[in-house]
Amino acid sequence: MDVELRGITKRFGSVVANDNVNLTIRGGEVLGLLGENGAGKSTMMNMLSGLYTPDEGEILIDGKKVEFDGPGDGIEAGIGMVHQHFMLVPVFTVAENVVLGVEPTGKMGYLDMRRARRQVEEINEKYGLHVPPDELIEELPVGIQQRVEILKVLFRSADVLILDEPTAVLTPQEVREFFGIVNTLKEAGKAIVFITHKLHEILEISDRVSVLRQGRITGEGDPKTLTEADLAEMMVGRPVSFTTDKEPAKPGRTMIEMQNVSMLDETDEIVLERVSMSVRSGEVVGVAGVQGNGQTELVEALTGLERVASGKIIFDGTDITTASVRERHKMGMAHIPEDRHKSGMVDSFTIAENMVLNNYYAPEYSRGWAIDWNKVAETSARYCVEFDVRTPSVYLPGGSLSGGNQQKMVVARELERETKLVIASQPTRGVDVGSIEYIHERLIQARDEGDGVLIVSSELDEVLGLSDRIYVMYDGRIVAEFDNTGGKADRNAVGLAMAGAHNGDAATGEGDAA
Amino acid sequence: MTEHDDLKGVNERMRSLMARTTHGRDDFEDLVIVPLFAVVVALVFGALIMLATAVDIPTIGRSFAALAIGSVGSLNAWSETLTAAIPLVLAGLGLGLGFRAGLFNIGAEGQLVMGGLAAVIAGFSLDFLPIVIHLPLTLLIGIAVGAGYAAIAGILKATTGAHEVISTIMLNLISFELLNWLLRQPWLQREGRSDPISKSVPDSAQLPQLLDWINPNLRLHAGLFVMLIAVAFIWWLLFRSKIGFAFRASGENPSAANYAGMKASFVIVLAMATAGGLAGLAGASQITGVLGRASPGFSAGIGFDAIAVALLGRSHPVGILFAGILFGGLEAGGRQMQVAAGVSIDLIGIIQALIIVFIAAPLLVRAIFPWGFRRNGRKEDAA
């Protein structure tokens, strides 16, 4: 089945989300769709699934014009979408989830689960999905859950599959298996739209690539002849450097050290188990791991957001195990939080207010019990210039900035202070390629000025690219440590440790690449 | 690119970044047009309700005229309007501050009772003091007792997580019964009276009347200045002080406040206490400026009306000032309405409630008056 978008334009108020977009999707082919956040990828795909109606232009399926009025119309026409955030019922089995909404029924309308199960098995077989139909969703790993989502759209006989950032939640090994499935689907004649902002994945899996920028198609081509640099330039509109140039690390004294730290969550489950780690001044230490393996808790323990159950944390020679967030902040700990919307900023506060969110009490901004807002505005303006935060005024709400600019605002606030240790959690999540480059440079600069830098990221490339040393976390423990001087850590070995392969041997000492 | 800019360019850019943004049309619509239309719609609905209850049209006309005259039509009307506004604004400031900090304090009524009661006791028992000490001290004691009473709910929330809506409602009930019981105690009850009424506050603890040199019946008292000072102080506290910054951050995004090292329990207790202090001051000013003694139910629902005032004023001190004056005017005018046109004062309650409904539903007001607003004023989020 072929789908063609012709001259599609979609506006939201004064914002043009898609501007005269032409795109062809062919059966038996993988189309890579690349673009930064807000480039208009999701809007375009939502028009294909029937959620939005285009203001101008038309959609053709096998040469015939179609009109979608509602969310169900896309799948009706054979276009299925696999969302980045799964839409599954955790306490239902795989088969139950797959048939939910289109349940096969027998006489008198009773639910024919036997038939449902059989149909699920058939699809499973045909595309090599290997999903156990009777398992509960909550008991399956994320990679398998994703296949259930694919099963769902195949069950609804989709011929076009739109995969929205499918690899964001997978380990490198899971990505390999996932690409295998994509190839099987392609060989079966399905048309695949693969949406991502990871350049190397596009080059690896797609047959054709289209790049979106500011709602327009800014580049198309054959991945065999294109390079990552070409794609990035189409995406950002200027040449982008990928490797962060850095001198070899000159590690100094131990800046922070965790000794046998364990932590429990509200339900008394162990979330950190006897974690020992350290960061020295002048080095970047990366923490790799699939999301949800204790990295968040590690950062909470280090920054004082949560109390540890046992163990000790020592910051530049001082025991800070029970110190408050503010005490640690005052001692020179900077923290770029994992989720800037949830905790790094207040959307309704002005940029100036956000720039001093955790530093508002400092003497340089104080006038008695009041805050010297003119001083704050001046400092904020300087930060905005320095970090290229694009806004017409520091008095606009922080929420009015784009994602990348919000992150630069948070990074500016944390790095433009006298610090000894920078804890950066997902420092470039949801940030455009151009800003990523700049944030990375600044983190390396902090290192070169003698700070200890700890980077926690679910992007393995980010950890490998920046770190001098790497810890891998799995199931609340540090399961491996790699020396990455000069980028010598083995990507494959780190990936295996992320998947929990090295539980026994690596937990005690250095990983195999060290 | 910035490092290539010369210093002049950087300075230029900084200056433009620091230029204050002017308030846009959207702010104007939200802050002026919506409340204005809400009042108009509420009055129209009030008229329709009167029609529905078989009031004839001339009477409706007369009652609205009485409402206008009774609220702003004479010096006496203004005096009554402002007198009614004083406790509403004071308590409303406290509630608005609580809302800003993310606390839904329903307990202003109880805090007001406790503050008023404390002012009565301080008033008659410290009557040996000169007015320059006695009056401020009486008000301060009212503030302290109101603050302490509200802090109970704050401490309960901070330590056990007990929701402030529940605990403040319960504290209200406790304060009402405490008042009734205390008013029958011999040391508080007025000599020679069998009904529950307290001793009087001596002149040295009374807020002086401002207009009695024109006409002794004009009740407006020096609480007006207390109110204006409180408006300025709360504005400063919220938007200029360090602790106000922590209040607002905690209210807007508790998890960001936590990240920024602001102590949630500290903010909760302090914000509750500040709110209670203002409600206590409202009670004390009512006692020392208008009533002169305590009697059962002397709080007269002011603490509850103040919730509406705080909401109408968008939890902004200046907005609360105007909202309080509006509600004061409705109350003063409502009494006139009842006297002159024989329409029940309950109608005023209905109109007040309708104003709140329309303020709370700006989209409804926009739908009723489409020509009052710019089209497509709200930009949809691009997905």
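Below, chain A is the first sequence line, B the second, and so on; all start at residue 1.
- Using a 4.5 Å cut-off between heavy atoms, A/Glu327 does not touch chain B at all.
- The CG atom of A/Asp388 lies 6.5 Å from the CZ atom of B/Arg13; values are rounded to the nearest 0.5 Å.
- Interface remark: A/Val389 contributes backbone atoms only to the contact with chain B (heavy atom separation under 4.5 Å).
- Considering only heavy atoms from C-beta on, A/Trp369 stays 4.5 Å or farther from B/Ile243 through its side chain.
- If you take CD on B/Glu252 and CG on A/Asp347, they are separated by 9.0 Å, rounding to the nearest 0.5 Å.
- Considering every non-hydrogen atom in both B/Lys242 and A/Tyr360, the closest pair reads O-CE1, 3.5 Å.
- One distance of note links CG of B/Leu17 with CZ of A/Arg390; it measures 12.5 Å at 0.5 Å rounding.
- Between chain B and the residues A/Ser380, A/Ala370, A/Gly344, the most heavy-atom pairs under 4.5 angstrom are made by A/Ala370.
- Of all non-hydrogen atoms in B/Ala260 and A/Leu357, the two that sit nearest each other are CB-O, 3.4 Å.
- Other residues, nucleotides and ligands contribute only 12 or fewer heavy atoms inside 6.0 Å of the CZ atom of B/Phe322.
- In this structure, OH in B/Tyr259 is found 7.5 Å from CD1 in A/Ile336, a value given to the nearest 0.5 Å.
- The shortest heavy-atom contact between A/Lys342 and B/Ser255 is O-OG, 2.8 Å.
- Highest contact tally toward chain B, considering only A/His341, A/Arg367, A/Arg382, is held by A/Arg382 [criterion: heavy-atom pairs under 4.5 Å].
- Shown here is A/Glu364, whose CD atom has more than 12 heavy atoms of other residues, nucleotides or ligands within 6.0 Å.
- Of the atoms belonging to B/Arg248, heavy atoms from both backbone and side chain fall under 4.5 Å from chain A.
- Interface remark: of the candidates A/Ser324, A/Gly368, A/Ser366, A/Ser366 forms the most heavy-atom pairs closer than 4.5 Å to chain B.
- Residue A/Glu378 touches chain B through both its backbone and its side chain, counting heavy-atom pairs closer than 4.5 Å.
- Heavy atoms only, all atoms of each residue included: B/Asn253 and A/Met345 are closest at ND2-O, 3.1 Å.
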Residues B/Phe245, A/Tyr361; criterion ring pair (Phe, Tyr, Trp, His ring centres under 6.0 Å); working and verdict: CA-CA 10 Å; B/Phe245 187 69; A/Tyr361 58 84; over 10 Å; no
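- With a threshold of 4.5 angstrom between heavy atoms, A/Thr391 approaches chain B through its backbone and through its side chain.
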